[in-house]
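One structure is given below, encoded as structure tokens.
The sequence lines fix the lettering, A, B, ..., with proteins before strands; numbering per chain opens at 1. Computed from a predicted structure; not experimentally measured.
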There are 2 protein chains.
Amino acid sequence: MKITIKEIAKEAGVSIATVSMILNNKDKNITHATRVRVLDAVKKYNYVPNAMAGSLVTQKTHIVGLILPDITNPFFPGIARGAEDKANESGYSIIFCNTDDKLEVEEKYIETLTKKMADGIIIAHSSGSEKMSEILERCKVPIILIDRDFYSEKVCGKVLVNNLEGAYKGVSYLINKGYTKIAFLSGSLKTRTARDRLDGYKKALSDNGLEYDEKLVKYGEYKIEWGKDGVNELLSETRQFDSIFCGNDLIAIGAIKELKKNGYSIPGDVGVMGFDDIYLAGLVEPSLTTVRQPNYKMGYQAMELLLETLNDPDKKNNNFKEMEIITLDTEIIERNSI
Amino acid sequence: MKITIKEIAKEAGVSIATVSMILNNKDKNITHATRVRVLDAVKKYNYVPNAMAGSLVTQKTHIVGLILPDITNPFFPGIARGAEDKANESGYSIIFCNTDDKLEVEEKYIETLTKKMADGIIIAHSSGSEKMSEILERCKVPIILIDRDFYSEKVCGKVLVNNLEGAYKGVSYLINKGYTKIAFLSGSLKTRTARDRLDGYKKALSDNGLEYDEKLVKYGEYKIEWGKDGVNELLSETRQFDSIFCGNDLIAIGAIKELKKNGYSIPGDVGVMGFDDIYLAGLVEPSLTTVRQPNYKMGYQAMELLLETLNDPDKKNNNFKEMEIITLDTEIIERNSI
DNA sequence: ATAATTTAGTTAAACGTTTAAGTAGGTATT
DNA sequence: AATACCTACTTAAACGTTTAACTAAATTAT
């Protein structure tokens, strides 16, 4: 037989209200004897309260959604882990979702999470389309944006990385090391991160008196394959370069592979710099000098921000006037590709 | 105002039962006109049913727990993704949990999942201790074991990898390539996987007329550091070896790094073989020949098995007499470290 | 001694669904 | 013409909690 609060109440000879109060630490006015009787009954029957039933009345599930493009992409496990750790510390659980950066999947997940009454959502969304705006607007629970920025009144917080400054630092580092012909294998300009990093790249060049040469900048996907293809594009053109700043580590790894294949030594002939500092970065040959994003911290802080919002009574009524934006700084990790 | 099924019923001029039936496709006996009225009301108010409330009566949340040691370990994201994909296809959501292989954390998560009324649980558990047995026994929902075996009556299914055969295949491959002095950097014998792989290693040797030399076998952790340390142990002893079979890819990567550091060329001087085929394996230098575990498939099939159990009326009453065990085969991935 | 307050509970409504059982009118069957 | 069976719904109970409002007894204050 399934045992509920009723059985416990009967066993202990009290009302279910008393049991509920004791189990929720609202038991100032309960005698020690009663408490012991109830707790004994709980143990005897190995009773575990049904949180869903409680949620129905409290309107809180202590479940939050975490929507990411793909946990299989080495960039995301750190974020997931950070978010999960914080959630767990605070008694929350995470429902996690992979979207493959597809808008319709994001939409579906947000609806599912709404149905299942998630208390809030953290999302690394795909795009800044009009549709995205609508979807966010329609969502009834607090939303935190992570990693990818997007303007929306509805959003109640953001945890971002200072991509412009990261790229600026990275390229400045290259310049300090004496490189002057710095190519850039960027991700797609459709992404905000790529645009910001491009701006950082340009700014670093101009602040250091170097000229921006659009022939040295190529756009592709944040993947190893693009690193290879990008290098080939660069090599097939006449333009000289002594180093490559890459949109992320995967591109950098692909670039290194292809450069080596073509007989170039790294960093001897060409310096290569990555972005992200994924787990791989320290293990490839040569190990990758890169701009680290504080992955774990990003996840952790996003969850922290969400939980603050959930527990702040002022914000209860979707009254998110003062959206909080946390911008985390990057850090240069010096290894052997420069 | 929060809108519920009542508002929809009122708007459409029907009872809430009718709305519920229409929304759950139990609407054989509903006229087209009524259906349209209801659906219009749903759209007008942008109504999303509260799944928790439904769960209370159906006793199904369509939520399952996925308990893994650490999503940050490159071995696990594939499993998580496979499980999530299958769950998503079938209208289920995953709550995911990282245990760092700590028994007390596993216990806590299982309780949380029970409270939140997960319909079932998939777990890659830490150990085969007595305590684990108790914990599983106490858990009221179907449990699937993944990756790590453990005997328990309570468990209703397992998805495992044939580690013995995997190691056998791997070592046989080495032998076929002409290696005869094959060292083994194993994981800890506390883990079942390590014991199985050791058995496979021994069997491959004896089946091929090679002698088992315990001096060539070293035990450590499934980590890069152990790969380095293990190589140093091997080198510091007089015993000769022409190749190393490694307990997993991380060990292999560490081993390769350390061998190169000591001036050995791979695979020229020493062949190195891994186990797992994590994402990294194809990217290190030289790329790693390894025994692939079908990660994604493991997660996918574990979820498949769980959902079958959940939807099989015979198994409803915890009547899991015929536990299903799926053993997946490994596959040699030929790269350049052999 | 009486009133006011505190203590230690209980009662009952509420949360938002699903679903078994009921019903009224219409159609088909004998 | 009476009976059975559909059709298209409605009614009301149930799921397992939480919590506001109530109460009876004990204690304290006046």
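Residue B:A80 comes nearest to A:I71 through the heavy atom pair CB-CG2, 4.4 Å, listed as atom of the first residue, atom of the second, then distance. Closest approach of B:A118 and B:V141 over heavy atoms only: O-CG1, 3.3 Å.
Residues passing the salt bridge (charged side-chain N to carboxylate O under 4.0 Å, His left out) test with A:K44 are A:E11, sequence neighbours excluded. Remark: A:F76 pairs with no residue by the ring pair (Phe, Tyr, Trp, His ring centres under 6.0 Å) rule, at least two apart or across chains. Every side-chain contact (heavy atoms from CB on, under 4.5 Å) that B:N50 has, sequence neighbours left out, goes to A:L56, A:M117, B:M52, B:A53. For B:A302, the side-chain contact (heavy atoms from CB on, under 4.5 Å) partners are B:I122, B:I144, B:I146, B:V159, not counting sequence neighbours. Legend: residues meeting salt bridge (charged side-chain N to carboxylate O under 4.0 Å, His left out) with A:D85, ordered by chain and number and at least two apart, are A:R81. Take A:Y92 and apply the ring pair (Phe, Tyr, Trp, His ring centres under 6.0 Å) test, not counting sequence neighbours, and it matches A:H62. The salt bridge (charged side-chain N to carboxylate O under 4.0 Å, His left out) check on A:K131 picks up A:E107, with sequence neighbours excluded.
Side-chain N/O atoms of B:Y47 include one lying less than 4.0 angstrom from OP1 or OP2 on C:dT17. In this structure, A:K26 reaches the D:dT19 phosphate: one of its side-chain N or O atoms is under 4.0 Å from OP1 or OP2. At C:dT18, none of the side-chain N or O atoms of B:Q59 fall inside 4.0 Å of OP1 or OP2 (strictly under the cut-off).
Contact annotation for B:N50: backbone-only contact, meaning every heavy-atom pair under 4.0 Å involves sugar-phosphate atoms and none involves a base. If you check every strand for non-hydrogen atoms under 4.0 Å, B:T34 touches sugar and phosphate atoms only. Among the heavy atoms of the strands, none lies under 4.0 Å from A:K115.
In this structure, the nucleotide among C:dT17, D:dA8, D:dG16 sitting nearest to the side chain of B:N29 is D:dA8. When each of C:dT17, D:dG16, C:dT19 is scored by its nearest atom to the side-chain atoms of A:V57, the top-ranked nucleotide is D:dG16.
In the region residues 5-23 of chain B, proximity to DNA chain C at under 4.0 angstrom, judged on heavy atoms, holds for B:I5, B:I16, B:A17, B:S20.
In this structure, the NZ atom of A:K60 is 16 Å from the C1' atom of D:dT19, given to the nearest Å. Remark: P of D:dT17 and CG of B:L56 are 9 Å apart, rounded to the nearest angstrom. Put simply, CZ on A:R37 is 13 Å from P on C:dA8, counting in whole angstrom units. Rounding to whole angstrom units, NZ of residue B:K140 and C1' of D:dG16 are separated by 14 Å. Protein atom CE of B:M52 is 23 Å distant from nucleotide atom P of D:dA14, rounded to whole Å. Atom-to-atom, CG of B:D119 to C1' of D:dC15 comes out at 15 Å; the value is rounded to the nearest Å.
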N/O to N/O distances under 3.5 Å, protein versus nucleotides 23-25 of chain C:
none

Are there any protein N/O atoms within less than 3.5 Å of an N/O atom in nucleotides 22-29 of chain D, and if so, which ones and at what distance?
none

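With 3.5 Å as the limit, one finds no donor-acceptor pair spanning the side chains of A:T114 and A:E111. For the 3.5 Å distance criterion, the side chains of B:E130 and B:S133 fail to qualify, holding no donor opposite an acceptor.
Between A:K190 and A:D101, no side-chain nitrogen of the basic residue sits less than 4.0 Å from a carboxylate oxygen of the acidic one, so the salt-bridge criterion is not met.
Side-chain contact between B:L68 and B:N73: absent, with no pair of heavy atoms (C-beta onward) separated by less than 4.5 Å.
Contacts classified as ring pair (Phe, Tyr, Trp, His ring centres under 6.0 Å) and involving residues 15-47 of chain B (residues at least two apart or in different chains) are not found.
Each end of the helix from C:dA1-D:dT30 to C:dT30-D:dA1 gets its own axis, taken as the rotation carrying the C1' atoms of four end pairs onto the next four within a five-pair window, and the two axes meet at 40° to the nearest 10 degrees.
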